[in-house]
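Below: the structure, in structure tokens.
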Amino acid sequence: MRFALHGGMATNNRPVVCEIPVFFATSEGQTRRIAWRLASVLHDLGFESCAIDLAGPTANDIDWTQVRGALVGASLHAGKHQKAAKDFVQKHAADLNRVPSAFFSVSLSAASKNPKEVEAADNLAKAFPVASGWTPERVASVAGRLAYLEYGFFIRLVMKRIAKKEGAPTDTSRDYELTKWEVVDQLARDMARRIRARAAVA
Ligand SMILES: Cc1cc2nc3c(=O)[nH]c(=O)nc-3n(C[C@H](O)[C@H](O)[C@H](O)COP(=O)(O)O)c2cc1C
């Protein structure tokens with residue numbers, strides 16, 4: 001199997017071998033969907049790729065000697081990325097710096113009609129790896145999802161207000177997919193190219 005998903009299941013203590021792990025942290029599930037898509041496109045390009053949830057134990061079991069490239073994704077909530085992603089990147093900055101790597105930040109601001117909001121999301125994305133001494137070759141700010149149906153009453157109200165400010169949909173009777181999947185596919189292709197280029201000079 002060249003494309004695998006690893007969630008919160010217990011492992012058998014054996015190292016997990018994966019050429020291009022796509023690590024992710026998520027609160028409402030969109031970063032997981034994006035990680036799955038990245039792993040799937042990388043698989044179609046001929047790599048062993050797996051999406052690995054940073055909330056589960058698998059991320060600690062990776063055999064880094066087998067990793068040829070890595071991606072890490074997290075989403076923005078109240079201006080911050082998940083602590084699980086921060087902790088992971090701090091712990092594995094040296095491992096990540098050894099291979100072509102990318103960070104993708106998922107947010108509502110990335111889809112904003114206000115260029116200042118888009119720039120703010122870009123800046124938060126760029127600052128995330130720097131804070132841990134990780135220097136990815138690519139940092140991408142990716143539009144996420146307005147998941148009104150998944151929010152509780154209060155969060156739905158808050159998100160509706162934020163959406164209005166950012167020119168996003170405000171009908172809370174349904175969810176809105178704001179992710180541009182062609183941008184996600186392009187990120188996967190770009191990483192594949194960088195990994196092949198690194199292998200060519202090694
Ligand atoms: C409580 C809450 C706070 C959020 N805060 C921000 C924020 O500060 N900036 C932003 O751009 N998006 C914000 N968002 C939007 C999320 O980043 C967006 O919905 C993203 O798709 C969530 O990804 P996930 O499902 O992987 O967690 C927030 C969403 C929620 C529910």
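Every number for a ligand or one of its atoms is a count from 1 in the order of the listing. As the structure is a computational prediction, the values presented were derived from the model and not from experiment.
Applying the 4.0 Å criterion to heavy atoms of Tyr151 picks out, from ligand 1, the atoms 19 (O), 31 (C). Numbered from 1 in the order shown, with element, the atoms of ligand 1 that lie under 4.0 Å from a heavy atom of Thr31 read 23 (O), 24 (P), 26 (O). Under a 4.0 Å criterion applied to the non-hydrogen atoms of Glu28, ligand 1 contributes the atoms 22 (C), 24 (P), 25 (O), 27 (O), 31 (C). Heavy-atom proximity to Gly144, at under 4.0 Å, picks out these atoms of ligand 1: 21 (O).
Considering backbone and side-chain atoms alike, Leu146 places every N or O at 3.5 Å or more from each N or O of ligand 1. For ligand 1, none of its N or O atoms has an N or O atom of Ile155 under 3.5 Å away. Looking at Ala110 next to ligand 1, no N or O pair under 3.5 Å apart turns up.
Relative ring orientation between Tyr151 and Tyr148 is described as perpendicular, the plane-to-plane angle rising above 60° on a 0-90° scale split at 30° and 60°. Classification of the Phe103-His81 ring pair by plane angle, with boundaries at 30° and 60°, yields perpendicular.
Relative to atom 29 (C) of ligand 1, the option among His81, Gln30, Met159, Arg33 with the closest non-hydrogen atom is Met159. Of the candidates Thr26, Ile162, Val106, Leu76, it is Leu76 that places a heavy atom closest to atom 14 (N) of ligand 1. Here the shortest heavy-atom distance to atom 19 (O) of ligand 1, taken over Arg32, Lys80, Glu117, Arg145, belongs to Arg145.
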Q: Please lay out, stage by stage, how Ile20 and Glu48 fare under the test side chain to side chain contact (heavy atoms under 4.5 Å, CB included).
A: CA-CA 6 Å; Ile20 311 183; Glu48 294 261 3; over 6 Å; no
Q | Pair Leu108-Met159, side chain to side chain contact (heavy atoms under 4.5 Å, CB included): steps then yes or no | A | CA-CA 10 Å; Leu108 187 56; Met159 292 310 290; 3.8 Å; yes
Q: Output, in order, the C-alpha distance, side-chain angles, deciding distance and verdict of side chain to side chain contact (heavy atoms under 4.5 Å, CB included) for Leu38 and Ser49.
A: CA-CA 9 Å; Leu38 288 163; Ser49 188; over 6 Å; no
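Ion pairing of Lys126 with Asp122 is absent here, as no side-chain N (NZ or NE/NH1/NH2) approaches a carboxylate O to less than 4.0 Å. Looking at Lys91 and Asp87, no side-chain N of the basic residue comes within less than 4.0 Å of a carboxylate O on the acidic one, giving no salt bridge.
The protein heavy atom nearest to atom 8 (O) of ligand 1 is Gly79 N, 2.8 Å. The nearest protein atom to atom 12 (N) of ligand 1, hydrogens excluded, is given as Leu108 N, 3.2 Å; this is a heavy-atom distance. Of the protein's non-hydrogen atoms, the one nearest atom 30 (C) of ligand 1 is His77 CD2, 3.3 Å. In terms of protein heavy atoms, atom 11 (O) of ligand 1 is closest to Ser109 OG, 2.6 Å. Protein heavy atom closest to atom 23 (O) of ligand 1, with residue, atom name and distance, is Ser75 CB, 3.2 Å.
By the criterion of a heavy-atom distance under 4.0 Å, both the backbone and the side chain of Ser107 are placed next to ligand 1.
A heavy-atom distance below 4.5 Å is not found between the side chains of Pro15 and Ile62. With a 4.5 Å cut-off on side-chain heavy atoms, Trp134 and Val72 count as touching.
Between Phe47 and His43, the distance from one ring center to the other does not fall under 6.0 angstrom.
In Arg161, the CZ atom is not crowded: 12 or fewer heavy atoms of neighbouring residues, nucleotides or ligands sit closer than 6.0 Å.
Within the 4.0 Å heavy-atom cutoff, Ala78 counts among the residues contacting ligand 1.
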